[in-house]
Q: 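Pasting a structure here, questions to come.
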Amino acid sequence: MPITTLYWFTNDLRIHDNPSFHATCSKTDELVCAVVLDPAWLANNRYGLRTMGQNRLRFWLQSVAELSTALRQRGGYLHCLFDEPVTAVTALGEHFNVSRVAASTPVGWYENQQLQAVTKALNDCTVSLANSSCLFDQSRLPFAYSELPASYSRFRKQVEPLLADIAFDPLTAPDFLPEQPNRPHFAQLRAFPEATAGEQPLPWRGGEQSAQQHLHSYFSTDNASRYKAVRNELDGWRNSTKFSAWLANGSLGPGAILRALRQYEADNGSNDSTYWIGFELLWREYFQCYARAHGTRLFHPQGIKNKPTHTSYYPGRFKQWCQGNTPYSLVNACMKQLNQTGYMSNRGRQVVASCFVNEMGLDWRYGAAYFERQLVDYDVASNWGNWQYLAGVGCDPRGKRHFDINKQTEQYDPDGEFIMRWQGQKHGLPLDAVDAADWPCG
Ligand SMILES: Cc1cc2nc3c(=O)[nH]c(=O)nc-3n(C[C@H](O)[C@H](O)[C@H](O)COP(=O)(O)OP(=O)(O)OC[C@H]3O[C@@H](n4cnc5c(N)ncnc54)[C@H](O)[C@@H]3O)c2cc1C
């Protein structure tokens, strides 16, 4: 009896350097590949906001299209399912009578639940998981997720020395994929929707090839040697690496970035800036572990600290913040930048999140949900983990961050250019000036 495996692509939309997909291809006789667009992502969630906005949808569709082409070129086929994930993947598995389901180890709690539901529905078929979204699999870490160090610094001290031991040989995709099962065609009822472009989308194109091109292009300049000095700039395509969107849906893996970084250092020398790129990648790694360690507590208002916070809700204030119409010009400019491009710098994210919690007194989860909708690089672990940190209910050993907006403006936009470019000037509106009847924001 041949082994037939259903490979479910989730946050690993690539065929090269994908440990989970690589292991699957070497261990199965027949292969069925699937990716799912959950209609719930396009509907309003518990915060009254659509989960996936147009910028991210567009980027995701481009990534899936590239993946589909790459699989076809190797004799495979990608089933693109637009349906509730458990129902859709189970139906596909039953149709092809699969004996195994394989995927990259889920990061989010809900995704884990869905995977378990599918394997149960498929008569408890075998599950095969490997971590394709992190630098380190659980087995390589010196602690279990449940014993994750409480702060990033402590995590880094333990994990940084291990970077040297990682075998950085890339896993190349097989030239030919295992055969597809010889069964009648699986009828897919709904085609993927189209996505419209944002007002000013950044030069980001989804997909593995585009990610590789960007990786190559970034390291073919001297940007990496200046990264630390400019990474906090509010604007500018080259001031930070802009790897985040590809990392988020897995069309680029963190191992590929680290390899390119090491090569760059070998060719051009290392300095504080090149070190800092690795330092930031370890922040990402920390939040990936954090999401796995804390499960649903990632979304709790009291966070992982079980600390009381604002759960008050002012629809008018929330709308002011989302639209970039607050009494704070810098915040307005950052929010308009986000709304028009799907991106905001790390410094901008810190400032607007601090303002949301401290100046506006809002429940941090609504801010996180708005980011989830708007960011092209939305990642469950990085987004909710960073919001918890800013709200003082996460892994910040100092308790809580409160950014002084005036000081931040003086430091990062002394001539007001950024505020002018994104038309963030306040128009004399105090907080609560928006009529709450205007809620919900579009
Ligand atoms: C409130 C808030 C929400 C955020 N939401 C997300 C999110 O949904 N998705 C996301 O990828 N990042 C998120 N970040 C982290 C960070 O802002 C972005 O990763 C970064 O701005 C992306 O741009 P870049 O690729 O040019 O980053 P670079 O500065 O070039 O950093 C290189 C890589 O390191 C990682 N990284 C850098 N900073 C962080 C950080 N603080 N936390 C985790 N990883 C980091 C990213 O993978 C990034 O691509 C958030 C930060 C804050 C403060």
Side-chain angles (χ1 to χ4, degrees), residues 11 51-53 55-56 59 107-108 133-135 152 155-156 202-204 211 214-215 218-219 223-224 226-258 260-261 273-291 298 321 331 334-335 337-338 341-358 364-396 401 403 408:
N11 59 349
T51 302
M52 190 192 237
N55 276 316
R56 185 152 58 92
F59 190 81
V107 185
S133 60
C134 293
L135 291 167
Y152 169 70
F155 169 84
R156 186 174 55 78
L202 289 175
W204 250 324
H214 177 67
L215 186 68
Y218 182 78
F219 284 111
N223 289 306
R226 295 184 293 112
Y227 170 79
K228 197 170 176 214
V230 292
R231 59 179 279 272
N232 273 316
E233 297 293 321
L234 297 166
D235 234 343
W237 178 248
R238 290 289 187 182
N239 283 332
S240 61
T241 66
K242 303 297 185 301
F243 294 141
S244 55
W246 288 290
L247 276 169
N249 73 20
S251 37
L252 180 64
I257 301 177
L258 214 56
L261 177 63
S273 281
T274 58
Y275 167 77
W276 216 262
I277 295 175
F279 181 95
E280 293 299 342
L281 283 175
L282 281 186
W283 258 114
R284 176 183 179 276
E285 192 80 4
Y286 180 63
F287 280 123
Q288 298 286 314
C289 299
Y290 182 95
L298 193 61
W321 182 84
V331 172
C334 288
M335 294 306 292
Q337 178 193 35
L338 171 68
T341 65
Y343 182 80
M344 191 193 294
S345 67
N346 184 56
R347 177 57 45 162
R349 293 180 207 204
Q350 290 172 323
V351 171
V352 303
S354 165
C355 172
F356 190 88
V357 173
N358 298 303
W364 67 271
R365 294 171 304 160
Y366 283 81
Y370 189 70
F371 267 29
E372 176 168 355
R373 181 177 95 167
Q374 297 299 86
L375 283 173
V376 68
D377 65 14
Y378 167 73
D379 168 87
V380 62
S382 292
N383 188 55
W384 292 81
N386 271 293
W387 269 94
Q388 285 202 347
Y389 188 97
L390 264 299
V393 297
C395 58
D396 185 356
R401 300 285 151 139
F403 286 75
Q408 294 291 315

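Both ligands and their constituent atoms are indexed starting at 1 by order of listing. These figures come from a predicted structure and were not determined experimentally. Atom set for the values below is all heavy atoms of this structure, side chains included, hydrogens, waters and symmetry mates excluded.
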Q: Under the ring pair (Phe, Tyr, Trp, His ring centres under 6.0 Å) test against Phe356, which residue among Trp387, Trp364, Phe403 passes?
A: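 When Trp387, Trp364, Phe403 are each tested with Phe356, the ring pair (Phe, Tyr, Trp, His ring centres under 6.0 Å) holds only for Trp387.
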Q: Looking only at protein heavy atoms, which one is nearest to atom 48 (C) of ligand 1, and how far off is it?
A: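 Of the protein heavy atoms, Ser244 CB, 4.3 Å lies nearest.
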Q: Without swapping roles, check the side chain of Asn383 against the backbone of Ala368 for a donor-acceptor pair under 3.5 Å.
A: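 Indeed, once roles are kept as given, a pair shorter than 3.5 Å links the two residues.
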Q: Heavy atoms only: which of Arg347, Arg284, Glu372 is nearest to atom 44 (N) of ligand 1?
A: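 It is Arg284 that holds the nearest heavy atom.
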Q: Which atom names give the shortest non-hydrogen contact between Glu372 and Arg56, and what distance separates them?
A: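 Shortest heavy-atom separation between Glu372 and Arg56 comes out as O-NH2, 2.9 Å.
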Q: Considering only the protein, which heavy-atom contact is closest to atom 43 (C) of ligand 1, and what is its distance?
A: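 Looking at atom 43 (C) of ligand 1, the protein heavy atom closest to it is Ser382 OG, 3.5 Å.
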Q: Which heavy atom of Gln337 sits nearest to which heavy atom of Thr341, and what is that distance?
A: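 Distance-wise, the nearest heavy atoms are O-OG1, 2.7 Å.
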Q: For Ser345 and Glu233, work out which heavy atoms get closest and say how close.
A: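 Closest approach of Ser345 to Glu233, heavy atoms only: CB-O, 3.5 Å.
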Q: For atom 15 (C) of ligand 1, what's the nearest protein heavy-atom neighbour? Residue, atom name and distance, please.
A: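 The answer is Asn386 ND2, 3.7 Å.
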Q: How does Phe287 reach ligand 1, if at all, at less than 4.0 Å between non-hydrogen atoms: by side chain, backbone, both, or neither?
A: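 Side chain only.
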Q: With only distance considered, is Ser345 within less than 3.5 Å of ligand 1 through an N or O on each side?
A: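 No, Ser345 has no N/O under 3.5 Å of an N/O on ligand 1.
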Q: Check ligand 1 against Lys242 and write out every atom of the ligand that is under 4.0 Å from a heavy-atom position of the residue.
A: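 Those of ligand 1 that fall under 4.0 Å from Lys242 are 24 (P), 25 (O), 26 (O).
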Q: Looking at Asp379, which atoms of ligand 1 are within less than 4.0 Å of one of its heavy atoms?
A: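 Under 4.0 Å from Asp379, ligand 1 has these atoms: 7 (C), 8 (O), 9 (N).
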Q: Tell me whether Tyr378 has any N or O atom under 3.5 angstrom from an N or O of ligand 1.
A: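 N/O-N/O distance below 3.5 Å does not exist for this pair.
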Q: Are any side-chain N or O atoms of Arg284 and backbone N or O atoms of Ser382, one a donor and one an acceptor, separated by less than 3.5 Å?
A: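 No: the side chain of Arg284 does not pair with the backbone of Ser382.
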Q: Tell me: protein heavy atom nearest atom 32 (C) of ligand 1, and distance?
A: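 Ranking protein heavy atoms by distance from atom 32 (C) of ligand 1, first comes Thr241 OG1, 3.5 Å.
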Q: Can you give me the closest heavy-atom contact between Asp377 and Ala248, atom names plus distance?
A: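 The pair with the smallest heavy-atom distance is O-CB, 3.5 Å.
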Q: Ligand 1 and Phe243, any nitrogen or oxygen pair closer than 3.5 angstrom?
A: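 By distance alone, the answer is yes.
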Q: Are the ring centres of Phe243 and Trp246 closer than 6.0 Å?
A: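 No, the ring of Phe243 stays outside the 6.0 Å limit from the ring of Trp246, centre to centre.
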Q: Starting from atom 26 (O) of ligand 1, what is the nearest protein heavy atom, named by residue and atom, and what distance separates them?
A: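 The closest heavy atom on the protein side is Ser240 OG, 2.5 Å.
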Q: Atoms of ligand 1 less than 4.0 Å from Gln350 heavy atoms?
A: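 Reading through ligand 1 atom by atom, the close ones are 53 (C).
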Q: Counting only heavy atoms, tell me which of Tyr152, Tyr227, Phe279, Trp283 gets closest to atom 31 (O) of ligand 1.
A: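 It is Tyr227 that holds the nearest heavy atom.
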Q: What is the closest protein heavy atom to atom 45 (C) of ligand 1, and at what distance does it sit?
A: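 For atom 45 (C) of ligand 1, the nearest protein heavy atom comes out as Glu280 O, 3.9 Å.
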Q: Note the single closest protein heavy atom to atom 16 (C) of ligand 1, along with its residue, its atom name and the distance in Å.
A: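 The closest heavy atom on the protein side is Asn346 OD1, 3.3 Å.
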Q: Is the ring centre of Trp204 less than 6.0 Å from the ring centre of Tyr343?
A: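 Distance test on ring centres: under 6.0 Å, yes.
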Q: Any idea which heavy atoms bring Ala256 and Leu252 closest together, and the distance?
A: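 Scanning both residues completely, I find the closest heavy atoms to be CB-CD1, 4.1 Å.
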Q: Please identify which of these residues, Phe279, Tyr389, Tyr290, meets the ring pair (Phe, Tyr, Trp, His ring centres under 6.0 Å) condition with Tyr152.
A: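 It is Phe279, the one option of Phe279, Tyr389, Tyr290 that forms the ring pair (Phe, Tyr, Trp, His ring centres under 6.0 Å) with Tyr152.
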Q: In terms of atom number and element, which parts of ligand 1 are under 4.0 angstrom from non-hydrogen atoms of Leu247?
A: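 Near Leu247, meaning under 4.0 Å from one of its heavy atoms, ligand 1 has 47 (O), 49 (O).
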Q: Say whether Arg231 and ligand 1 are in contact under the criterion: heavy-atom distance to a ligand atom below 4.0 Å.
A: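 It does not; every heavy atom stays at 4.0 Å or beyond.
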Q: Regarding atom 23 (O) of ligand 1: of the candidates Trp387, Tyr343, Phe371, which has the closest heavy atom?
A: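 Residue with the shortest heavy-atom distance to the ligand atom: Tyr343.
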Q: Which part of Asn383 is near ligand 1, with near meaning a heavy atom under 4.0 Å away: side chain, backbone, both or neither?
A: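 Near ligand 1, Asn383 shows its backbone as well as its side chain.
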Q: I'd like to check which ligand 1 atoms, numbered from 1 as shown, lie under 4.0 Å from a non-hydrogen atom of Leu281.
A: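 Taking each heavy atom of Leu281 in turn, ligand 1 has 34 (O) under 4.0 Å.
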Q: I'd like the name of whichever of Asp377, Val351, Val380 reaches closest to atom 7 (C) of ligand 1 through any heavy atom.
A: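 Nearest heavy atom to atom 7 (C) of ligand 1 lies in Asp377.
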Q: What's the spacing between Ile257 CD1 and Ile277 CD1 if we round to 0.5 Å?
A: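 If I round to the nearest 0.5 Å, the distance is 9.0 Å.
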Q: Give the residue, atom name and distance (to 0.1 Å) of the protein heavy atom nearest atom 18 (C) of ligand 1.
A: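 So the nearest neighbour among protein heavy atoms is Arg349 NH1, 3.8 Å.
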Q: If I compare all heavy atoms of Asn358 with all of Arg401, which pair ends up nearest, and what's the gap?
A: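 Reported closest heavy-atom pair: ND2-O, 3.3 Å.
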Q: Check for me whether the distance between the ring centres of Phe155 and Phe287 falls short of 6.0 Å.
A: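 No, too far apart.
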Q: At a 4.0 Å cut-off, with the gap strictly under it, does some heavy atom of Leu375 reach an atom of ligand 1?
A: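 Yes, Leu375 has heavy atoms under 4.0 Å from ligand 1.
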